[in-house]
Amino acid sequence: MPIAIACAAVGGAPDCLAFEDAPKASAVDRMVGRRIGDFTLPDVLSKRDVRLYGFAGKAGVVIVFTGTQCPVGDLYLPTLVEMNREYASKGIVFLAINANAGDSDDEIAAHAREFKVDFPVLRDRGNVVADSVMAERTPEVLMLDGTARIRYRGAIDDQYSVGSRKPAPTRSYLKEAIDAVLARKAVEVKATEVAGCLIERAESTQTASKPEPPRVRAPSAEIRAAREAMDPKVADVGSVTYASGAAAIIQEKCQSCHRPGQVAPFSLLTYDEARKHSAMIREVVDDRRMPPWHADPRHGVFSNDRSLSAEERAKILAWVDQGTPLGDAAKVPSPKTFPEGWTIGKPDVVFEIPEANVVPAQGVLDYVRVKVPSNFKEDVWVSAAEAMPGDRTVVHHIIVYVDDHTGKSRQGLGGAHLCGYAPGDMPSVYAQGTAKKIPAGSDLLFEIHYTPNGKLREDRSKLGLIFAKGEVTREALTLPIAEAGFIIPPGNPNVPVSASMNVPAEMRLLAFMPHMHVRGKDFQYTITKPGGKPEVALSVPAYDFGWQSYYTLKEPMTLPKGTVIDCLAHFDNSADNPANPDPTKTVRWGQQTFEEMMIGYIDVDVPVGVRLDRRAMRPEPRPGLQNLGGLLGNRRRGEERKEAKPQ
């Protein structure tokens with residue numbers, strides 16, 4: 001963006017400050033109310049590392065972004081030094097952060113000594129922290145409470161501005177915010193504009209944590225061998241053209257993802273697009289990486305199995321090997337139509353979060369929760385539900401819950417689980433007669449996890465619903481089978497974690513959805529009916545965090561009361577795991593990708609009117625499960641909830 005230089009007399013001397021020609025798109029109150037992520041930065045004065053969360057127990061932290069050549073910032077340094085001395089004894093910590101790419105460590109230290117700064121002055125190389133909190137200028141301040149939540153951001157006071165100054169401030173915004181935090185009261189003015197110099201940013205260094213590599217994981221050797229043994233031997237398929245064979249297969253097995261606006265990196269809607277990517281198509285089909293399907297074929301039969309049959313695979317490979325001929329263009333199948341953006345079909349109603357969430361360029365973000373009123377005047381039955389990200393480049397996942405305000409049907413962090421989104425196959429779709437219920441007056445709670453991608457982005461995610469047609473006789477429910485108390489030691493390549501559920505009343509099992517993070521290695525569901533032997537219902541020998549699937553049974557499985565569902569997962573925390581952020585770390589349950597989860601979701605249905613006793617679902621208590629109720633039934637510290645006004 002073009003830069004203009006404004007020169008004005010500040011403090012009796014001409015000063016030139018850099019300002020952008022156009023105003024910033026980000027709101028003045030950006031991220032106010034949200035908890036910022038932990039960081040560790042070097043102090044140029046003490047030469048020691050300073051960690052934000054190392055100040056746990058303090059009443060609050062003031063962060064001021066500084067530079068060595070900003071006149072407005074220089075004018076405020078004595079004020080900040082004085083405030084530090086006033087509030088240090090009251091539990092308020094002051095931290096200066098310099099994120100300017102053009103300032104050296106020696107220059108920053110010399111500048112701090114010149115102004116007798118007696119609190120840590122931290123170096124933010126690559127402007128990682130500045131990006132994570134969306135800081136724009138020096139001397140912008142953030143007032144954090146004792147939980148690292150931003151309570152105020154903006155100017156220190158209103159004394160100095162570009163080209164003018166007052167004898168004394170008429171409003172001392174920072175002092176007012178500090179006093180409110182100390183008194184545990186609401187901050188009256190939560191955000192103000194900042195007069196000062198733009199932070200001189202370096203090129204973004206992406207996120208603070210190591211991102212998972214872009215991939216769809218190849219099937220395990222175990223699955224390869226099983227498929228080779230099970231697939232019928234295919235005779236020579238002869239001449240294969242795009243028109244006579246390849247097009248139909250690509251339409252049915254590839255285009256749901258390989259089309260504009262979807263998760264795949266390129267489109268395969270036309271012959272030219274398929275021919276252009278034919279070498280890659282051959283590679284991923286030959287090693288069974290595409291289409292993505294990670295279930296062991298020896299266990300279960302699934303209606304949404306997208307893997308290629310032996311004949312389909314042979315035809316695609318032959319088409320590429322034969323030079324990707326088009327054939328008779330008149331015989332190419334008619335283009336398959338897709339509802340714009342949706343995989344469930346055209347929704348009957350769409351809900352969108354009311355305001356765009358601004359996602360900073362860098363950093364690790366807590367989950368964002370946005371409540372949207374349904375405004376349903378009567379109970380509604382939904383046969384299909386799909387969450388759609390507004391910006392797929394930064395939306396890691398979405399879960400939408402139904403909050404009926406009673407708490408009786410709560411089965412997740414914010415209510416009953418409605419549907420979710422993650423890279424993969426996540427929409428909830430149910431057969432005739434089965435549907436999920438949204439009680440009248442319920443709110444829809446969007447839980448969104450954003451992962452910055454190096455650029456400032458905005459997201460307005462959506463939810464599409466298709467109402468059930470005809471009589472609904474069975475209510476669908478999504479239930480978690482989870483273990484929260486695990487500990488994954490560093491370097492261990494094969495850590496088992498298990499969880500179980502007792503079936504409290506007869507129900508039908510519809511689908512599975514295993515969930516782990518980047519250390520996830522494999523996942524297995526075993527079902528033991530009363531008086532019967534254990535039966536593996538789903539095995540995923542090579543779990544893929546980059547492609548998370550629902551596994552929908554071709555025929556529902558009736559589970560009598562007393563059935564036990566066991567889930568067993570293994571985690572690979574070794575250096576041999578290419579997606580491992582840090583094999584030297586001990587890993588526990590947590591929201592972030594570099595932490596872990598172990599949840600075996602199941603979709604079931606029961607006759608309308610039947611209520612399940614969740615307490616009866618748990619097996620005998622064991623270490624770690626005591627925390628599960630809190631994790632699945634209550635909001636955690638550090639989470640943000642935005643309230644949307646009813647329309």
Could [X] and [Y] be called an ion pair, given the rule that one side-chain N must be under 4.0 Å from one carboxylate O?
{"X": "Lys253", "Y": "Asp305", "answer": "no"}
{"X": "Glu386", "Y": "Lys462", "answer": "no"}
{"X": "Arg289", "Y": "Glu283", "answer": "yes"}
{"X": "Glu506", "Y": "Lys561", "answer": "no"}
{"X": "Asp605", "Y": "Arg474", "answer": "yes"}

Under 6.0 Å between ring centres, would you say that holds for [X] and [Y]?
{"X": "His515", "Y": "Tyr543", "answer": "no"}
{"X": "Phe266", "Y": "His258", "answer": "yes"}
{"X": "Phe571", "Y": "Phe486", "answer": "yes"}
{"X": "Tyr601", "Y": "His417", "answer": "yes"}

Would you confirm whether [X], through its side chain, and [Y], through its main-chain N or O, come within 3.5 Å as a donor-acceptor pair?
{"X": "Arg275", "Y": "Tyr271", "result": "no"}
{"X": "Asn492", "Y": "Asn573", "result": "no"}
{"X": "Glu252", "Y": "Ile249", "result": "no"}
{"X": "Arg282", "Y": "Ala279", "result": "no"}
{"X": "Glu273", "Y": "Leu269", "result": "yes"}
{"X": "Arg313", "Y": "Asp286", "result": "yes"}
{"X": "Gln432", "Y": "Lys469", "result": "yes"}
{"X": "Asp582", "Y": "Thr584", "result": "yes"}
{"X": "Tyr367", "Y": "Gln591", "result": "yes"}
{"X": "Asp296", "Y": "Val540", "result": "no"}

Run the side chain to side chain contact (heavy atoms under 4.5 Å, CB included) check on Gln255 and Ile250 step by step: do they pass? CA-CA 6 Å; Gln255 288 182 0; Ile250 291 172; 4.1 Å; yes
Does Lys437 have any salt bridge (charged side-chain N to carboxylate O under 4.0 Å, His left out) partners at least two apart in sequence or in another chain, and if so, which?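 Result, salt bridge (charged side-chain N to carboxylate O under 4.0 Å, His left out) vs Lys437: Asp379.
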Heavy-atom pair of closest approach, residues [X] and [Y]:
{"X": "Ala579", "Y": "Val518", "value": "O-CG2, 3.5 Å"}
{"X": "Ala468", "Y": "Val472", "value": "CB-CG2, 3.7 Å"}
{"X": "Pro496", "Y": "Leu568", "value": "CB-CD1, 4.2 Å"}
{"X": "Glu475", "Y": "Val608", "value": "N-CG2, 4.0 Å"}
{"X": "Pro452", "Y": "Pro360", "value": "CB-O, 3.2 Å"}
{"X": "Leu538", "Y": "Tyr551", "value": "CD2-CD1, 3.7 Å"}

Give, for atom [atom1] of [X] and atom [atom2] of [Y], the distance between the pair rounded to the nearest 0.5 Å.
{"X": "Leu510", "Y": "Tyr430", "atom1": "CG", "atom2": "OH", "result": "7.0 Å"}
{"X": "Ser239", "Y": "Gln322", "atom1": "OG", "atom2": "CD", "result": "5.0 Å"}
{"X": "Ile353", "Y": "Phe446", "atom1": "CD1", "atom2": "CZ", "result": "7.0 Å"}
{"X": "His449", "Y": "Ile399", "atom1": "NE2", "atom2": "CD1", "result": "11.5 Å"}
{"X": "Ser461", "Y": "Arg392", "atom1": "OG", "atom2": "CZ", "result": "9.5 Å"}
{"X": "Thr434", "Y": "Trp381", "atom1": "OG1", "atom2": "CH2", "result": "9.5 Å"}

Is there side-chain contact between [X] and [Y], with heavy atoms separated by less than 4.5 Å?
{"X": "Asp603", "Y": "Phe512", "value": "no"}
{"X": "Ile527", "Y": "Val564", "value": "no"}
{"X": "Ile448", "Y": "Asn357", "value": "yes"}
{"X": "Met280", "Y": "Val284", "value": "yes"}
{"X": "Trp589", "Y": "Ile599", "value": "yes"}
{"X": "Pro325", "Y": "Tyr242", "value": "no"}
{"X": "Thr563", "Y": "Thr528", "value": "no"}
{"X": "Val380", "Y": "Leu465", "value": "no"}

Between [X] and [Y], is any side-chain donor less than 3.5 angstrom from a side-chain acceptor?
{"X": "Asp572", "Y": "Asn494", "answer": "no"}
{"X": "Arg519", "Y": "Asn577", "answer": "no"}
{"X": "Tyr550", "Y": "Asn304", "answer": "no"}
{"X": "Thr478", "Y": "Lys436", "answer": "yes"}
{"X": "Thr270", "Y": "Asp272", "answer": "no"}
{"X": "Ser549", "Y": "Trp547", "answer": "yes"}
{"X": "Tyr525", "Y": "Asp566", "answer": "no"}

Worked verdict on Asp459 versus Arg457 for side chain to side chain contact (heavy atoms under 4.5 Å, CB included): CA-CA 7 Å; Asp459 170 73; Arg457 310 291 292 189; over 6 Å; no
Could you give me the CA-CA distance, side-chain angles and deciding distance for Val382 and Ile466, then say whether side chain to side chain contact (heavy atoms under 4.5 Å, CB included) is met? CA-CA 6 Å; Val382 173; Ile466 294 178; 5.8 Å; no
Is the [atom1] atom of [X] crowded by more than 12 outside heavy atoms at less than 6.0 Å?
{"X": "Lys585", "atom1": "NZ", "result": "no"}
{"X": "Lys336", "atom1": "NZ", "result": "yes"}
{"X": "Glu311", "atom1": "CD", "result": "no"}

Audit row: Leu418, Ile438, side chain to side chain contact (heavy atoms under 4.5 Å, CB included) steps and yes/no: CA-CA 9 Å; Leu418 180 61; Ile438 303 179; 4.3 Å; yes
Side chain to side chain contact (heavy atoms under 4.5 Å, CB included) with Arg306: which of Pro291, Cys254, Ser256? Pro291
